[in-house]
Structure formats: C-alpha cells, structure tokens
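Scroll down for the structure; my scribbles are underneath it.
Since this is a predicted model, take the numbers as computed values, not measurements.
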Amino acid sequence: MDIIFWLIIGLMFVIAFAGLVYPVIPSVLFLLGGFLLYGAFFSFEPFSWLFWSIQLLFVILLFGADYIANMVGIKKFGGSKAGVWGSTIGLIAGPFIIPVLGILIGPFLGAIIAELVVHRRKVKEAIRIGFGSVIGFITSAFTKGIVQVLMIVYFFMVI
C-alpha cells in the first residue's frame with residue numbers, strides 16, 4: 001500500500017510541475033496536496049509550524065515570481081499595465097485556443113493586442129512588448145520551477 005501512496009504523492013508533484021507550462025493548473029495546490037496526502041497516508045508528525053511557515057514563504061514567492069517576472073518583462077520592453085493584463089489573459093486563453101504553442105503565442109498576442117488597442121502603439125513597438133511578455137513568462141516558469149524543487153527538497157528533508 002505504501003507504494004500506491006507514494007505514487008499518488010509523486011503524481012501530485014508531477015502535476016504541480018505541469019502547471020509551469022499550463023498556468024490553469026494550480027501548481028501550489030498540488031504541491032500542498034502532496035504534503036497533506038503524506039500526512040494523511042503516513043503521519044503529520046514531521047510537519048512542524050516551522051515547516052508550514054517555510055512552505056508558506058515559498059508559496060508567497062511563487063505568486064510574487066509569477067507577477068513580477070511578467071510585469072518586468074513587459075515594462076523592460078516599454079509596455080504598460082494594459083500589456084501586462086493582455087499578456088495574462090493571453091497566457092490563460094492561449095493553451096485552450098492553440099494547444100502546445102498557445103502557452104507562448106497567447107501572452108505574445110495578448111500583450112500586442114492590448115498595447116495596440118489601449119495605447120494605440122505602433123505595430124513594431126507592440127511586437128517588441130509582446131516579446132517582452134514571452135521572456136517574462138519563460139523567466140517566471142524557470143523561477144517557479146526552482147522554487148517548487150526547493151519546496152519538495154525541503155519536504156523530503158523534513159520527512
């Protein structure tokens with residue numbers, strides 16, 4: 001039975017990493033779900049207040065990394081809040097409209113469309129901002145991946 005329990009916990013962690021490229025998957029919930037399943041299947045004893053405090057800090061870092069990387073990527077390339085919102089909407093809608101490539105095309109087009117419509121930017125300038133949104137997304141996914149690995153490593157260190 002222990003093997004089945006560990007497979008379920010491992011599956012939760014794998015799904016959390018899938019959330020790096022499919023933002024509709026709530027990565028944090030799957031990570032925390034894996035920790036809680038460990039407690040339910042085995043024991044909550046290893047999880048002190050320190051463990052949960054550190055994991056909470058990691059969760060805050062995950063949310064912050066997501067927003068900040070996207071914002072910095074767009075702002076660095078001359079974009080506005082409209083570009084950030086357009087990129088975010090494109091990031092969510094993209095994978096549904098264009099499976100696989102939509103994760104990159106969605107934020108790119110979302111930022112471009114938002115900048116063209118809201119601020120009436122030139123096409124060349126809007127495209128540059130769109131590239132900034134993609135760079136922000138890639139940076140965010142990489143950073144969040146590192147934080148998720150740290151969360152899981154800390155989990156294994158505690159148990």
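Side-chain rings of Phe51 and Phe35 approach one another, their centers coming within less than 6.0 Å. Ring centers of Trp6 and Phe42: under 6.0 Å apart, within the cut-off. If you look at Phe131 and Phe77, their ring centroids are not closer than 6.0 Å.
A distance of 7.0 Å separates CD1 in Ile105 from CG in Leu109, rounded to the nearest 0.5 Å. Here Leu104 contributes atom CG and Ile135 contributes atom CD1; the two are 11.5 Å apart, rounded to the nearest 0.5 Å. Here the straight-line distance linking atom CG of Leu91 with atom CD1 of Ile103 works out to 5.0 Å at 0.5 Å rounding. To the nearest 0.5 angstrom, Leu31 atom CG is 11.0 Å from Ile15 atom CD1. Atom CG of Leu50 is separated from atom CD of Gln55 by 10.0 Å, given to the nearest 0.5 angstrom.
When all heavy atoms are compared, the tightest approach of Phe44 to Leu36 is CZ-O, 3.6 Å. Taking all atoms of both residues into account, the shortest heavy-atom contact from Val147 to Phe58 is CG1-O, 3.7 Å. Looking at every heavy atom in both residues, Ile25 comes nearest to Ala18 through CD1-CB, 4.1 Å. Minimum interatomic distance between Gly90 and Pro95 (heavy atoms only, all atoms of both residues): O-CD, 4.3 Å. Shown here for Ala114 and Gly86, the closest heavy-atom pair between the two residues is CB-CA, 3.9 Å. Residues Ile74 and Val84 share a closest heavy-atom pair of CD1-CA, 3.4 Å.
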Stepwise side-chain contact (heavy atoms from CB on, under 4.5 Å) check, Val149 with Phe17
CA-CA 9 Å; Val149 166; Phe17 281 99; 3.8 Å; yes
Would Gln148 and Leu20 count as a side-chain contact (heavy atoms from CB on, under 4.5 Å) if you check the C-alpha gap in whole Å, the side-chain angles of each, and the deciding distance to 0.1 Å?
CA-CA 10 Å; Gln148 286 183 202; Leu20 293 173; 3.6 Å; yes
Evaluate the criterion ring-ring contact (aromatic ring centres under 6.0 Å, His included) for residue pair Phe13 and Phe155; output intermediate values, then yes/no.
CA-CA 11 Å; Phe13 293 160; Phe155 165 76; 5.6 Å; yes
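Put simply, the side chain of Glu115 never gets that close to the backbone of Arg121: no donor and acceptor are under 3.5 Å apart. A donor-acceptor pair under 3.5 Å links the side-chain atoms of Thr143 to the main chain of Thr139, judged by distance alone.
There is no side-chain donor-acceptor pair under 3.5 Å between Asn70 and Ser140.
Transitive grouping of hydrophobic side chains (ILVMFWY, heavy atoms separated by less than 4.5 Å) keeps Val14 and Leu32 in distinct clusters. When hydrophobic clusters are built by joining Ile, Leu, Val, Met, Phe, Trp and Tyr residues whose side-chain heavy atoms come closer than 4.5 Å, directly or via intermediates, Tyr22 is grouped together with Val28. Note: the hydrophobic cluster containing Met71 does not contain Ile60 (ILVMFWY, side chain heavy atoms under 4.5 Å, direct or indirect links).
Around OH of Tyr154, the count of heavy atoms belonging to other residues, nucleotides or ligands within 6.0 Å exceeds 12. The 12-atom threshold is not exceeded at CD1 of Ile3, counting heavy atoms of other residues, nucleotides or ligands nearer than 6.0 Å. Atom CZ of Phe5 has more than 12 neighbouring heavy atoms from other residues, nucleotides or ligands inside a 6.0 Å radius.
With a 4.5 Å cut-off on side-chain heavy atoms, Ile54 and Met151 do not count as touching. Between Phe41 and Ile8 there is a side-chain heavy-atom pair separated by less than 4.5 Å.
Annotation: side-chain contact (heavy atoms from CB on, under 4.5 Å) contacts of Pro46 (sequence neighbours excluded): Tyr38, Ser43, Val158, Ile159.
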